[in-house]
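These notes are about the structure you will find just below.
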Amino acid sequence: MESPTAEAPKGNFIRDIIDADLASGRCKTPVTRFPPEPNGYLHLGHAKSICLNFGIARDYQGVCHLRFDDTNPTKEETEYVEAIQRDIRWLGFDWRENLFFASDYFEKLYEIAVHLIRKGKAFVDSSTAEELREQRGSFTAPGVESRFRERSVEENLDLFARMRAGEFEDGAHVLRAKIDMASKSILMRDTLLYRIRHAHHHRTGDAWCIYPMYDYAHPLSDALESITHSICTLEFADHREFYDWVVAEAQELLPSTPHQYEFARLNVDYTMMSKRNLLTLVEEKLVAGWDDPRMPTLAGLRRRGVTPAALRDFAEMVGVAKANSVVDLGKLEYCIRNDLNFTAPRRMCVLEPLKVVLTNFPEGHAETLEAADFPPDVGKPGTHALSLTRELYIERTDFERAPPPGFHRLSPGAEVRLASAYIIRCDEVVERDGQVVELRCTYDADSKGGASGRKVKGVIHWVSAERGVPCEVRLYDRLFLSEAPGAERDFHEELNPASLAVHAGAIVEPVLVGDPAGSHYQFTRLGYFCSDIVDSTAARLVFNRTVSLRDSWTKPVVEPAAVLAPASAEPKPDADKRPGKKSAGQRRADVRAEDPTLLSRLDRYRTVLGLSEEDADLLTGERQISDFFDEACGVYAKPETIAKWVVNDVLREVKDQAASALRLRPAALAALARLVDEGAISSAAGKAVFAKLIAEGGEAQAWVERLGLLKVEDQGALAACIEKVLAGSPEQVRKYREGKKNLLGFFVGQVMKELVSADPALTRELLTKRLDA
RNA sequence: UCGGGGAUCGUCUAAUGGCAGGACGCCAGUUUCUGGAUCUGGCUAUCAAGGUUCGAAUCCUUGUCCCCGAGCCA
């Protein structure tokens with residue numbers, strides 16, 4: 001029960017890739033990196049990335065570098081560099097000696113640029129920004145080549161040197177890669193490498209006036225650091241092609257070849273995660289700063305009282321995948337509670353005090369009680385002293401003049417227990433101007449402790465009026481009213497006006513007065529709190545509510561989102577008149593239109609061979625496929641059978657290679673089809689042989705013999721195998737007989753694993769008979 | 001419109017041709033000096049349609065929907 005946050009890493013597709021790379025020897029130990037740009041504070045989304053990258057390094061005995069991607073001097077500041085390091089350390093990760101800056105590589109990057117120019121792979125373009133934009137083309141239209149594209153190497157070298165020397169104004173020239181302006185990917189259309197920026201850099205000062213672009217600097221930085229797995233978010237997937245291009249072109253000057261992998265960035269509902277918008281919140285003073293407890297920044301979460309362990313647990317819980325998703329804020333809250341429940345000592349604090357006088361308690365007397373720091377189920381020792389006096393405060397909301405049904409708290413004549421103390425009964429309600437101002441109660445002096453035998457349904461928190469300490473308590477709600485702030489409209493309109501509620505007149509137990517700022521508590525029945533690391537002082541205690549307790553009594557009255565007027569129903573532009581992508585079917589038709597042979601074969605396949613419309617279409621979309629099919633039919637004249645094999649199995653294999661590159665020969669496929677057709681081998685065995693033919697080539701018959709796949713005629717062997725499998729899985733047999741019939745597949749699978757040559761159809765039949773007997 | 005990436009319980013995520021599993025959430029009960037925590041039980045999913053296969057979330061085909069991309073930002 002002690003450490004609920006297991007933090008045992010789940011697998012994910014990136015770890016699968018690393019496992020495979022390790023197994024194949026592509027890399028010995030993984031080297032990852034976390035590459036923030038120092039232009040803002042780290043947030044929840046970064047936490048996921050940090051946990052991923054540093055987590056891999058930790059679990060594989062690898063290394064994770066911290067590298068600042070500081071290639072844009074106009075946006076980056078040292079303040080951010082420091083804050084980022086502080087936040088990563090706080091989260092619990094350590095880059096050891098591996099702290100890097102892209103700006104450390106500026107000289108090397110320049111050298112590589114010169115190398116590219118010499119190779120004729122880069123040129124200085126003197127077009128204006130506007131010309132560049134126009135010439136880039138669009139999604140549908142190719143770009144046009146710059147009129148500066150064919151400058152000589154010498155001229156490029158000269159110009160680039162003078163760019164560096166500061167001879168030109170900002171924007172006068174850029175260095176571009178020379179790739180292909182007609183590329184389908186806009187990012188490959190002579191990608192920009194360097195721009196002129198006469199700006200002061202936070203680290204290199206005024207040493208440079210040309211700065212590399214991300215697309216150029218990032219892959220090279222990875223390569224220079226021998227990063228093995230460069231993990232980034234999905235929106236960079238399009239950049240991978242250029243990433244590979246630069247690394248390949250600069251290979252001679254690089255110690256390694258890194259690879260990029262992309263995962264889906266974290267989104268959390270009711271939370272805005274874009275750095276740009278977060279900066280706006282800060283700049284417009286809509287929040288108290290980057291560390292405002294309502295911010296999703298690590299600094300804000302820390303100040304709010306969220307623990308690093310909770311964040312790590314959360315990162316683990318949300319997983320790593322490639323599908324865009326929006327995570328419930330409730331999951332984060334769960335992780336926070338699940339950590340703090342075991343670590344935050346219980347104290348009592350009254351937010352809205354209502355005075356209670358214990359009429360049968362002696363005036364001027366204080367009874368010292370012992371209160372447990374944790375409830376018994378947490379299993380942690382520790383107590384603290386608590387003073388009970390004649391006058392005390394309870395929570396105003398814990399009293400109801402006319403209690404609703406099911407109300408377990410105080411009401412006229414009702415009894416309730418003061419936590420860690422006695423049971424009291426409300427005898428009299430004192431009102432002034434229709435307001436309840438005081439409750440006069442009597443306490444049962446024999447009701448202390450569980451041993452008294454007296455039980456009441458309600459237990460409420462309280463603080464001695466004489467001994468309690470005034471304090472300020474800040475309650476937070478989500479900063480935004482809408483699930484996806486900024487998605488449908490300007491986020492300013494979606495700010496939650498009630499995101500901060502200050503209780504300036506709260507009263508807390510005196511024991512926590514000397515505790516250091518940032519101490520965590522559970523204020524009983526209210527939630528988890530943390531003394532504010534900025535504003536709380538000994539003279540004036542200030543607490544932030546990190547998260548409330550789960551509450552199965554107070555139902556949410558109004559869903560805050562409901563308050564928001566529906567966004568003006570702006571229909572998505574041409575959602576209905578989307579022309580539809582050019583389908584593969586269309587492409588096949590296009591190919592046939594150019595090739596009369598295919599066209600006539602289409603007709604022949606349908607009419608003479610009697611193939612279905614669909615198969616005939618599929619087989620005539622590409623000359624090589626059609627040839628393959630014809631050749632196979634020539635060897636084994638069963639067109640429908642061959643068509644099935646080609647359509648369902650061969651087509652898959654030619655997705656990323658040409659049919660002519662296949663090791664599988666048409667004749668071999670034909671022979672295989674015949675073996676299956678004639679019942680010599682089962683279709684399952686056929687698939688196995690097919691896989692071998694694809695991987696290694698050869699003849700079907702030879703593989704059948706080598707793998708021992710000839711169908712077993714001996715039913716005795718099969719029956720014995722079935723018995724063995726059933727005996728080995730009594731639990732499954734029981735479940736099957738109880739009605740879980742789809743376990744049949746499990747049994748067939750077991751038998752096939754045991755006896756590869758078994759006929760699955762027969763196996764299934766025998767199995768069914770045996771199990772249903 | 002072109003290119004890239006996706007689609008599994010309400011949410012997040014597993015299952016790599018063989019038991020659709022876990023977590024959050026929700027509901028009911030248990031228990032409790034926190035209407036907390038615990039424990040027990042329950043809830044709900046393979047985008048659609050065809051095909052291949054003894055067997056498909058997984059392979060083939062077609063279709064639908066969603067996200068990203070035309071900064072001298074990262």
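Order of the sequence lines sets the chain letters (A, B, ...), proteins ahead of strands, with each chain counted from 1.
The nucleotide whose nearest atom lies closest to any side-chain atom of A:Asn341 is, among B:rG17, B:rC19, B:rG36, B:rG36. Closest to the side chain of A:His239, out of B:rA74, B:rG18, B:rG25, is B:rA74. When each of B:rC72, B:rC54, B:rG51 is scored by its nearest atom to the side-chain atoms of A:Pro760, the top-ranked nucleotide is B:rC54. Distance from the side chain of A:Ala419 is smallest for B:rC33 among the nucleotides B:rA37, B:rC33, B:rG5. Considering only the side chain of A:Met752, B:rG18 comes nearest among B:rC72, B:rG18, B:rA74. Considering only side-chain atoms of A:Phe139, the nucleotide from B:rC2, B:rG36, B:rA20 that sits closest is B:rC2. Residue A:Glu235 places its side chain closer to B:rC68 than to any other of B:rC68, B:rC24, B:rC72. Nearest nucleotide to the A:Val327 side chain, out of B:rC54, B:rC12, B:rU61: B:rC12. For A:Glu37, taking side-chain heavy atoms from C-beta onward, the closest of the listed nucleotides B:rU52, B:rA74, B:rC24 is B:rA74. When distances are taken from the side chain of A:Met213 to each of B:rG3, B:rA74, B:rC12, the shortest belongs to B:rA74.
Counting any heavy atom pair closer than 4.0 Å across all strands shown, A:Ser138 reaches a base atom. Base engagement by A:Gln732 is indicated by at least one non-hydrogen atom pair under 4.0 Å involving a base atom. Across all strands, A:Ser682 comes closer than 4.0 Å to no nucleic acid atom at all (heavy-atom distances). Among the heavy atoms of the strands, none lies under 4.0 Å from A:Ala264. In this structure, A:Gly458 reaches neither bases nor backbone, as no heavy-atom distance under 4.0 Å exists between it and the strands shown. At a threshold of 4.0 angstrom between heavy atoms, the contacts of A:Arg525 include nucleobase atoms, whether or not backbone atoms are also involved. Within the nucleic acid shown, A:Ala129 comes within 4.0 Å of at least one base atom, counting heavy atoms only. Within 4.0 Å (heavy atoms only), A:Ile460 reaches no atom of the nucleic acid at all. The residue A:Thr128 sits close to a base: some heavy atom pair falls under 4.0 Å. Residue contacts shown for A:His461 are absent, as no nucleic acid heavy atom lies under 4.0 Å away. A:Phe407 comes within contact range of at least one nucleobase, with a heavy-atom separation under 4.0 Å. Residue contacts for A:Lys655: at a heavy-atom cut-off of 4.0 Å it reaches the sugar-phosphate backbone alone, with no base atom in range. In this structure, A:Val318 reaches the sugar-phosphate backbone alone: every heavy-atom distance under 4.0 Å involves primed, P, OP1 or OP2 atoms, never a base. Residue A:Leu549 is classed as a base contact, given a heavy-atom separation below 4.0 Å to a base.
Between A:Asp617 and A:Arg588 a salt bridge is recorded (basic side-chain N to carboxylate O distance below 4.0 Å). Salt-bridge formation is detected for the pair A:Arg454/A:Glu415: a Lys NZ or Arg NE/NH1/NH2 atom is positioned less than 4.0 Å from an Asp or Glu carboxylate oxygen. For the pair A:Glu738 and A:Lys735, the salt-bridge criterion is not met [side-chain N within less than 4.0 Å of a carboxylate O].
Secondary-structure stems of RNA chain B, taken as three or more successive Watson-Crick or G-U wobble pairs (i with j, i+1 with j-1) under a 3.5 Å distance threshold, comprise B:2-7 with B:64-69, B:10-13 with B:21-24, B:25-29 with B:39-43, B:47-51 with B:59-63.
Under the stacking definition used here (centres under 5.5 Å, planes under 30°), the residue A:Phe746 fails to qualify as stacked on the base of B:rG18. Per the stacking criterion (ring centres < 5.5 Å, plane angle < 30°), A:His218 does not stack onto the base of B:rA74.
For A:Arg265 and B:rA74, the shortest distance from a side-chain N or O to OP1 or OP2 is not below 4.0 Å. The side chain of A:Arg550 places an N or O atom within less than 4.0 Å of a non-bridging phosphate oxygen (OP1 or OP2) of B:rC26. Residue A:Arg136 places at least one side-chain N or O under 4.0 Å from the OP1 or OP2 atom of B:rC72. The side chain of A:Lys184 contributes no N or O atom lying less than 4.0 Å from OP1 or OP2 of B:rG4. OP1 and OP2 of B:rC73 both lie 4.0 Å or more from every side-chain N or O belonging to A:Tyr214. Dashed line: the shortest gap from a side-chain N or O of A:Lys740 to OP1 or OP2 of B:rA20 is under 4.0 Å. A sub-4.0 Å separation between OP1 or OP2 of B:rA74 and a side-chain N or O of A:Thr71 is present. When the side-chain nitrogen and oxygen atoms of A:Ser325 are compared with OP1 and OP2 of B:rU13, one or more of them lie within a distance under 4.0 Å. For the pair A:Ser683 and B:rC54, the criterion of a side-chain N or O lying under 4.0 Å from OP1 or OP2 is met. Distances shown here put a side-chain N or O of A:Arg195 below 4.0 Å from the OP1 or OP2 atom of B:rC73.
For the pair A:Leu743 and A:Val320, both in contact range of RNA chain B, the more 5′-proximal nearest nucleotide belongs to A:Val320.
Checked by distance alone, A:Gln522 brings a side-chain donor or acceptor within 3.5 Å of a matching partner on the base of B:rU34. Judged by distance alone with a 3.5 Å cut-off, a donor-acceptor contact links the side chain of A:Asn648 to the base of B:rG51. Side chain A:Asn324 to base B:rG6: no donor-acceptor pair is found below 3.5 Å. For A:Arg133 against B:rG71, a side-chain-to-base donor-acceptor contact under 3.5 Å is absent. Looking at A:Lys10, its side chain has no donor and acceptor atom pair within 3.5 Å of the base of B:rU13. Between the base of B:rG51 and the side chain of A:Asp615 there is no donor-acceptor pair shorter than 3.5 Å.
In terms of the side chain to side chain donor-acceptor pair (under 3.5 Å) criterion, residue partners of A:Ser138 (sequence neighbours excluded) are, by chain and number, A:Thr140.
For A:Phe68 and A:Phe101, the ring centers sit closer than 6.0 Å to each other. Residues A:Phe123 and A:Phe148 place their aromatic rings such that the two centres sit no closer than 6.0 Å.
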Side-chain atoms of residues 745-762 of chain A: list all donor-acceptor pairs with protein atoms under 3.5 Å, sequence neighbours left out, distances to 0.1 Å.
| unit_1 | atom_1 | unit_2 | atom_2 | d |
| --- | --- | --- | --- | --- |
| A:Glu754 | OE2 | A:Lys724 | NZ | 2.6 |
| A:Asp759 | OD1 | A:Ala761 | N | 3.1 |

**Asked** How far apart are the C-alpha atoms of A:Lys75 and A:Glu37, what are their side-chain angles, what is the distance that settles it, and do they pass the salt bridge (Lys or Arg N to Asp or Glu O under 4.0 Å) test?
**Response** CA-CA 9 Å; A:Lys75 289 187 176 175; A:Glu37 183 190 10; 5.8 Å; no

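Base orientation at B:rG71 is syn, since its O4'-C1' glycosidic dihedral falls within 90° of 0.
Counting heavy atoms from C-beta on, the side chains of A:Tyr736 and A:Asn742 never come closer than 4.5 Å.
For A:Lys322 and A:Phe263, the positive end is not near the middle of the six-membered ring at less than 6.0 Å and at most 45° from its axis.
Atom-to-atom distance recorded for A:Glu333:CD and A:Asp328:CG is 9.5 Å, nearest 0.5 angstrom.
Between the A:His408 side chain and the A:Val416 main chain, no donor and acceptor come within less than 3.5 Å of each other.
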